Protein chains: 2
Amino acid sequence: MAALADPTRRAILDRLRDGPRAVGDLAAGLPVSRPAVSQHLRVLCDAGLLAVTPEGNRRLYALVPGGISDLRYYLDGLWDDALDAFARAARAEGTRKPDPKPQKE
Amino acid sequence: MAALADPTRRAILDRLRDGPRAVGDLAAGLPVSRPAVSQHLRVLCDAGLLAVTPEGNRRLYALVPGGISDLRYYLDGLWDDALDAFARAARAEGTRKPDPKPQKE
DNA sequence: CATCTGCGTTAGTCATGTCTTACCGTAAGC
DNA sequence: GCTTACGGTAAGACATGACTAACGCAGATG
């Protein structure tokens, strides 16, 4: 979760949406140096969000859907509990009001 | 997004899953002081994840589903693109056909 | 009206994390 | 076999952020 905090790492993930890319290719489109990109890639790999594929002399980094799935699950539960707490608070606030049942999308 | 990076803020969100709570109540169950909790609450409110309801002398903080929805949407798009890129990479690997230019560079 | 509780704010200190420069190992090309 | 391109690593400077202590303000209570 902390891996998504840095905007540079978010930019790296955005660059990887189209497919795997090499380190130099990523660093060319980012305002930071290549070692910084390597460090961010290490963090993202350690978080399980990225996978590396050595392709000859280069190293191709790609998104790993499994790592994102975990975060989605966490936010899903938080969203569900937030809706539940919101409905309960609204019900407690006005007893005369009808039961506000929010739809979960 | 950066608001979810700090573990203390995540703990605050977890405490708020059951419903709105006051600052002192939150700080009592956390290993940090009350002012720190106030600062984290300010950050979370600024991020749109929390809403405050002055209840007499106290201030009740509650989860706002809308703020979580935005993060869910972002992760949803990232998940979708990751799956797409993964399927494309698997197809390129399996068919072993000489792709002319799969990358969009 | 006086006092107490609860909360937000500020200033200051300290830890964490990010970026850069320099260096080394490894794979391709002549 | 030598040179070049590519990428990871280490050390250091720097900025950002989190935490505590002290203070001030508003609402409730007697």
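Residue numbers start from 1 in every chain, and the chains themselves are labelled A, B, ... in the order their sequence lines are given, proteins ahead of strands. For clarity, every value in this text was computed on a predicted model and none was experimentally measured. In what follows, every heavy atom counts, from backbone to side chain, and hydrogens, waters and symmetry copies are set aside.
The side chain to side chain donor-acceptor pair (under 3.5 Å) check on Thr8(A) picks up Asp6(A), with sequence neighbours excluded. Not a single salt bridge (charged side-chain N to carboxylate O under 4.0 Å, His left out) links Asp70(A) to another residue, sequence neighbours left out. Partners of Ala47(A) by side chain to side chain contact (heavy atoms under 4.5 Å, CB included), not counting sequence neighbours, listed by chain and number: Ala3(A), Leu49(A).
Between Asp46(A) atom CG and dT18(C) atom P the separation is 13 Å, expressed in whole Å. Rounded to an integer number of Å, the gap from Arg58(B) CZ to dT5(C) C1' is 11 Å. Rounded to an integer number of Å, the gap from CG of Leu50(B) to C1' of dG8(C) is 16 Å. To the nearest angstrom, P of dC19(D) lies 12 Å from CG of Leu41(B). For Met1(A) and dG17(C), the CE to P distance is 16 Å, given to the nearest whole Å.
Listed in residue order, the members of residues 2-34 of chain B having a heavy atom less than 4.0 Å from DNA chain C are Ala22(B), Val23(B), Gly24(B).
Between Trp79(B) and Ser69(A), the shortest heavy-atom contact is CZ3-CB, 3.1 Å.
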Quick one: which protein N/O atoms are closer than 3.5 Å to N/O atoms of nucleotides 22-30 of chain D? Pair and distance per line, please.
none

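Salt bridge status for Asp84(A) with Arg88(A): present, with a side-chain N to carboxylate O gap under 4.0 Å.
Distances were taken from every side-chain heavy atom of Gln39(B) (C-beta onward) to each of dT20(C), dT20(D), dG8(C); the shortest belongs to dT20(D).
Of the side-chain N and O atoms in Tyr61(B), one or more sit less than 4.0 angstrom from OP1 or OP2 of dG8(C). Between Arg59(B) and the phosphate of dG8(C), there is a side-chain N or O to OP1/OP2 separation shorter than 4.0 Å. Between His40(B) and the phosphate of dC19(D), there is a side-chain N or O to OP1/OP2 separation shorter than 4.0 Å.
From Arg59(B), atom CZ reaches atom OG1 of Thr53(B) across 9.5 Å, with rounding to the nearest 0.5 Å.
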Could you pull out all donor-acceptor pairs under 3.5 Å where a side-chain atom in residues 15-22 of chain B meets a protein atom, sequence neighbours excluded?
residue: Arg15(B); atom: NH1; partner: Ala11(B); partner atom: O; Å: 3.1
residue: Arg15(B); atom: NH2; partner: Gly29(B); partner atom: O; Å: 3.2
residue: Arg17(B); atom: NE; partner: Asp81(A); partner atom: OD2; Å: 2.7
residue: Arg17(B); atom: NH1; partner: Asp14(B); partner atom: OD1; Å: 2.9
residue: Arg21(B); atom: NE; partner: Asp25(B); partner atom: OD2; Å: 3.0
residue: Arg21(B); atom: NH2; partner: Asp25(B); partner atom: OD1; Å: 2.9
residue: Arg21(B); atom: NH2; partner: Asp25(B); partner atom: OD2; Å: 3.2

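Taking a 6.0 Å sphere around OH of Tyr74(B), one finds it holds more than 12 heavy atoms contributed by other residues, nucleotides or ligands. Heavy-atom contacts from other residues, nucleotides or ligands closer than 6.0 Å to CZ of Arg58(B) number 12 or fewer.
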